[in-house]
Amino acid sequence: MLIIENLEFSWPTKEKFQFNFSVKEGEIVTLEGPSGIGKTTLVNLIAGFLQPEKGEIYWHKERIDSLDPVERPVSTIFQTDNLFEHLSCFQNVSLASSSDGKISNSRVEQINNYFLEMGIGNLQSRFPGEISGGQQARVSIVRALLANKPILLLDEPVSSLDERTRFETLEVIKKTALKYNLTLIIVSHQKEDRKFLNARQIRLY
Amino acid sequence: MAKSFNEITFKYKTNFINRLSLFVSIFLISIIGLSIFSLLNSGFKSEDAFLTNEDIFEIIKFTFVQSFFSVFLSLLLGFLGAKILFDIKSVLFKKIVISLTSIAFVLPTVVACIGLIKVWGGDGVLHLIRLTLNLNKNELTLYGIFGILLAHVFFNAPLFLRVFYNCFQIIPVNYLKNAKQFNITGIRFFKLIEWPFIKETLPLLCGVVFLQCFTSFSLILMLGGGPSATTLEVAIYTAVRYDFDLKSAAVLASFQLFICLIVILFLDLFSSNKISNLQIKTNYLSYNLYKKNTFKNNIQKFIILLAYFLIIILPLIALVVSGLSLKIFEILKNQNTYIVFLNSILIAIISSFITVSISWFISETRANIVMKYDNTFKDILMKKFINLSIMLYLAVPAIVLGTGLFILLKGFVSYNYFPILILIFSNVMLCLPFSVNIIQSHSIYLRRKHDKLCSSLGLRGWNRFIIIDFPAMKNVFGLSLGLCACLSLGDLSVIALFGSQNFQTIPWLIFQYMSTYRINEAASVSCLLIIICYLFFIFFSKMLGSKYVNN
């Protein structure tokens, strides 16, 4: 279980954010609330990109809020700039496998399988600028799977996509989460997304 | 072929302005070409030369070595400084560092030399190192390669820092987050995250800095260590001014021209304004991403910041402290000081107005070419020709220009007016690249914004300039005038050849004080020069600034 306990953070010009909630392993939740309420800040705090002023984050009773992002059981997919423009899809994905660029044959096979599973088997050598937004989202999911972390954070991953691609991408996300028993926390503005994912709502006020 | 919108609507403008620009470019290139020809012609006709082939080889070798190391060290310090600045969260700290390092952009070279001598020479840092290591004065001295590298780093590290910092600000924050979640650090972080954002700017920036170091004159004159540590430009000066050895001067000038032209051709390959990161407004962006401050990190930061403090900030402080002493009143009592200041101010004002006028119509011509959808071969040729006229002075030694013009014009122009004319010409050539760069980017921006609207309202020619273009460009003209005035006021190049008791400028006066080891007097005049530069900058910015125009 992921437990967020009395987590506090404040930006210099804004009032203090305070978060308290928990998410079961394998559960899908949506983070909802008006703009500026701290949804992205919360994602950054869980992922380790920001350090909380107070409070704790636990995963399976183990405290993780002092760990570096790479050491946390969390993968993050952002709304934009998920993939490095100057690297091919394969190179982007392989970053999750090893940060020094070396990759074993078994890992290459695993990457191939994930690409096929996501229906983008022919895109490995393409660059992010050459593929659609929906395909980019799928490449990001492959990378997240390869990182082999139990929690997947998604910060408005489908908000810039058209309606059809949005639901196709959400379908892929849902299937992947269920298949690999991922704990999914997704920031979304759309009620339909929650319904489609059959997710629990965490509303921030 | 179908004509583009701009060709049809603005033909009135393109024809006149383009012809004017072409005429000015031909004039500038002709003057420079003729002066080079005069010197080479007289030089190669002369029989005797003081310098041997070995001497010339040594001079070229030293010029290359000091330029290479100057670029390398400036790049290294600039890069590391930009990294630290990007990492630091305090916006106030970023603003202070950027402001302090920006001073180095506009500080006259003679003035900077005094600051460096105050901190490093005499009883300064080197004296402490000598005492610690038990070395004698000859083993570790400021004058020579050490001083030259220090001065070039003083001027160029802030340039690299500013450009790299602006490049880093373009990196998407999610790239940085990805780097954190996939543990991309060290050399891999450089390769994957930083390199893609600096690689476009790097060749042009390195090329420009190399050229500046290669043709550096006043710094080498003041901090060089005699014949063993001299560059082509200073060797030409010494050959002309002290030995009147025109043959050696001609040989050295030929080498300098050849090498610099190769570098300029190389720069032309990257000339699509990629250096424009310099003009991007610095945002002092702070992502506030969490980063653990390890002991190793803190030590690295401390060493880099200490280097910036010792090389750039401390010399500025030392200059002000030593300059604002009682000596300043002694200098102000001397009537000669006022004549020198008046000379410099008048020459700076005339040079600045000529430069900005030329820059405006050259910028308009370049904007005309950029705005056209289909550039013909003639357009491209014209653009290259105009570029050459702007950049040529970077390759031509000021001393060659001065000597060549002297040989060319003697007998036609009275010697009383001769130095003034050459100074104005060299100031205009010195300031043109900067001024054109400032005006051109704004000119293109305004053309894109206003062209269709002006066309629909029937605003053309002079009417359009007075009602639309001039009010919208006033701030840029003011900034450009201020910068040109500062550059002109502080330039010690051609005046080194023609300066005498009868005709002096402020940099020449400072150089004279330094030649006689009167460093405190030199520091005081330098402080006065900085105050005048600042007043000029403020005056032009306020005079032409407009609260309705946001640059």
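Order of the sequence lines fixes the chain letters, A, B, ..., with proteins taken first and strands second; residue numbering starts at 1 for each chain.
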Open item on the list: Please report the interatomic distance CG(B/Asn183) to CG(A/Asp68), rounded to the nearest 0.5 Å.
Closed with: 7.5 Å

Open item on the list: Would you compute the distance between atom CG of B/Asn174 and atom OG1 of A/Thr80 and round it to the nearest 0.5 angstrom?
Closed with: 5.0 Å

Task: Residue part contacting chain B, namely of A/Asp155, when any heavy atom lies under 4.5 Å - done: neither

Open item on the list: How about CZ on B/Phe190, more than 12 heavy atoms from neighbouring residues, nucleotides or ligands closer than 6.0 Å, or not?
Closed with: yes

Open item on the list: Heavy-atom count check: over 12 atoms from other residues, nucleotides or ligands less than 6.0 Å from B/Lys383 NZ?
Closed with: no

Open item on the list: With a 6.0 Å cut-off (strictly less than), is the heavy-atom count around CZ of A/Phe167, excluding the residue itself, greater than 12?
Closed with: yes

Open item on the list: For B/Arg448, is the CZ atom crowded, meaning more than 12 foreign heavy atoms sit under 6.0 Å from it?
Closed with: no

- [ ] If the plane angle is over 60° it's perpendicular, under 30° parallel, otherwise tilted; pick one for B/Tyr175 and A/His86.
- [x] tilted

Task: Atom pair CZ/NZ of A/Arg72 and B/Lys180 - distance to nearest 0.5 Å - done: 10.5 Å

Open item on the list: So B/Ile184 and A/Leu95, do their side chains get closer than 4.5 Å, heavy atoms only?
Closed with: yes

Task: Closest approach of A/Lys149 to B/Gln181 (non-hydrogen atoms, all atoms of both residues) - done: NZ-O, 4.3 Å

TODO: Tell me, for A/Leu83 versus chain B, whether the close heavy atoms (under 4.5 Å) come from the side chain, the backbone, both or neither.
DONE: backbone

Open item on the list: For chain A, which candidate among B/Ile187, B/Asn178, B/Ile193 shows the most heavy-atom pairs at distances under 4.5 Å?
Closed with: B/Asn178

Open item on the list: B/Lys177 and side chain to side chain donor-acceptor pair (under 3.5 Å): which single residue from A/Asn44, A/Asn82, A/Asp81 fits?
Closed with: A/Asn44

Task: Approximate separation, where rounding is to 0.5 Å, of A/Phe84 CZ and B/Leu192 CG - done: 6.0 Å

- [ ] Check whether A/Gln91 gets within reach of chain B through its side chain, its backbone, both or neither, counting any heavy atom under 4.5 Å.
- [x] neither

- [ ] Using a cut-off of 6.0 Å, state whether more than 12 heavy atoms not belonging to A/Tyr180 lie near its atom OH.
- [x] yes

Task: pair B/Val173-A/Phe78: side-chain heavy atoms closer than 4.5 Å - done: no

